[in-house]
Number of protein chains: 2
Amino acid sequence: MSSELRGFELPLRLLLGFRVLIDELHEELARQGHPRMRPMHGFVFQAIMRAGGRYGTTAADLGRALGVSKQAAGKTIDTLEGLGYVRPGHDPGDARRKTYTLTPHAYDALERSEQIFEDLRGQWAETIGEDRLRAMVEDLRKVTPPDAFQLDTPQWFNAP
Amino acid sequence: MSSELRGFELPLRLLLGFRVLIDELHEELARQGHPRMRPMHGFVFQAIMRAGGRYGTTAADLGRALGVSKQAAGKTIDTLEGLGYVRPGHDPGDARRKTYTLTPHAYDALERSEQIFEDLRGQWAETIGEDRLRAMVEDLRKVTPPDAFQLDTPQWFNAP
DNA sequence: ACCATATAGACAACGACCTTGTCTATCTTA
DNA sequence: TAAGATAGACAAGGTCGTTGTCTATATGGT
């Protein structure tokens, strides 16, 4: 950081911290049988779990959960289906709904992600101290919205 | 956060912290005469200052600094020129180079950004304590690369 | 001084991902 | 039972990135 731009350091370090964790996560996931999984997908998996009804999640549900159009969500689902992470189903009570549920492959990715994040967290704790790391997360919770899931990150970053 | 996804909280909070700061920055910048400025642009301004030669920065320079192709950097520069943030110049020693420099309007945006970030930082300090905030940045410095400027964030997030 | 190589920039084609709009089928509700 | 809402399919278009190609200009070895 140049000295004349001191104020930029906080946001920059937050972004870099996120990137470091996500990059290392996906390097390790690639080694563990998930080479095609993208940073976006973990968020999408969680949105699919949250947004779904009794018989699964539709593209329209997912679009609402992610803050994108149903068409965009539909294309994301097509990609995930091609990668074997979701599988189509149907809602017996509503013939319009084409639902999707996560496959065991997706749950495997989520479980491995959880383990890898815990390992990375352990490395951070070794570097900065367990108490300081706990304080960091606790403090970030105080300054961020409690239940944010509409990330829509890619577009947001340089949207019109 | 659901309890079964505890490991996701650290990266998620880092991303949300970044988003909160950037969103509030740009809301305020919009009020202060920079309504068309995008999150990407602040990074680009800094890259233009860093990457440039004696007579300014070329699209090729900027592309290298940002980690994108010279064509993509050229389009970004066209946008910034249209918004009045950069102005073309030339290098008397090299007729190939079409250089660009930041305009006073861009420096105005950078100075206002600096001030707004300091205000936001002050709000965070009130919420979590000045010492804890300083500790957070210090700790993040220990776990992130010291001099990262190849953010290429939009593409990275859901690249192929 | 000369020629091979590298680089800047312009232009074109294309791909990924998002958007809006439209259409039909199906569900819900007054 | 009819009106309105919603799901999904399809098409067209925008933004932003990519690679490839071409010309003009520098640079460096001979």
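Quick note on labels: first sequence line is chain A, next is B, and so on, each numbered from 1.
- Summarising the geometry, the separation between CG on Asp78(A) and P on dA16(C) is reported as 14 Å, rounded to the nearest angstrom.
- Of the listed nucleotides (dG8(D), dG17(D), dA12(C)), dG17(D) has the atom at the smallest distance from the side chain of Thr76(B).
- Straight-line distance from the CD atom of Gln71(B) to the P atom of dA13(C): 15 Å, rounded to whole Å.
- Side-chain contact between Thr144(B) and Phe18(A) is absent, with no heavy-atom pair separated by less than 4.5 Å.
- The residue Ser69(B) sits close to a base: some heavy atom pair falls under 4.0 Å.
- The side chain of Arg96(A) lies closest to dC27(C), out of dC27(C), dG20(D), dA11(D).
- When the nucleotides dG8(D), dT25(D), dA10(C) are ranked by their closest atom to the side chain of Lys70(B), dA10(C) comes out on top.
- Proximity of Arg64(B) to the phosphate of dT7(C): no side-chain N or O atom is located under 4.0 Å from OP1 or OP2.
- Comparing Thr79(A) and Asp94(A) against DNA chain C, the residue whose closest nucleotide sits nearer the 5' end is Thr79(A).
- Between His41(B) atom NE2 and dC16(D) atom P there is a gap of 8 Å when expressed in whole angstrom units.
- Considering only the side chain of Lys75(B), dG17(D) comes nearest among dG20(D), dG17(D), dG8(D).
- Residue contacts shown for Ala72(A) include a base, since a base heavy atom lies under 4.0 Å away.
- Computed from coordinates, the Tyr55(A) OH to dA7(D) C1' distance equals 18 Å when rounded to whole Å.
- A donor-acceptor pair shorter than 3.5 Å can be found between the side chains of Gln115(B) and Asp119(B).
- Looking at heavy-atom distances under 4.0 Å, Lys98(A) makes contact with sugar-phosphate atoms alone, never a base.
- Surrounding CZ of Arg36(B) are at most 12 heavy atoms belonging to other residues, nucleotides or ligands under 6.0 Å away.
- Taking a cutoff of 4.0 Å between a charged side-chain nitrogen and a carboxylate oxygen, Asp78(A) and Lys75(A) do not qualify as a salt bridge.
- Note on Thr58(B): a side-chain N or O is less than 4.0 Å away from OP1 or OP2 of dG9(C).
- A salt bridge links Arg141(A) with Glu9(B): the distance from a Lys NZ or Arg NE/NH1/NH2 to an Asp or Glu carboxylate oxygen falls below 4.0 Å.
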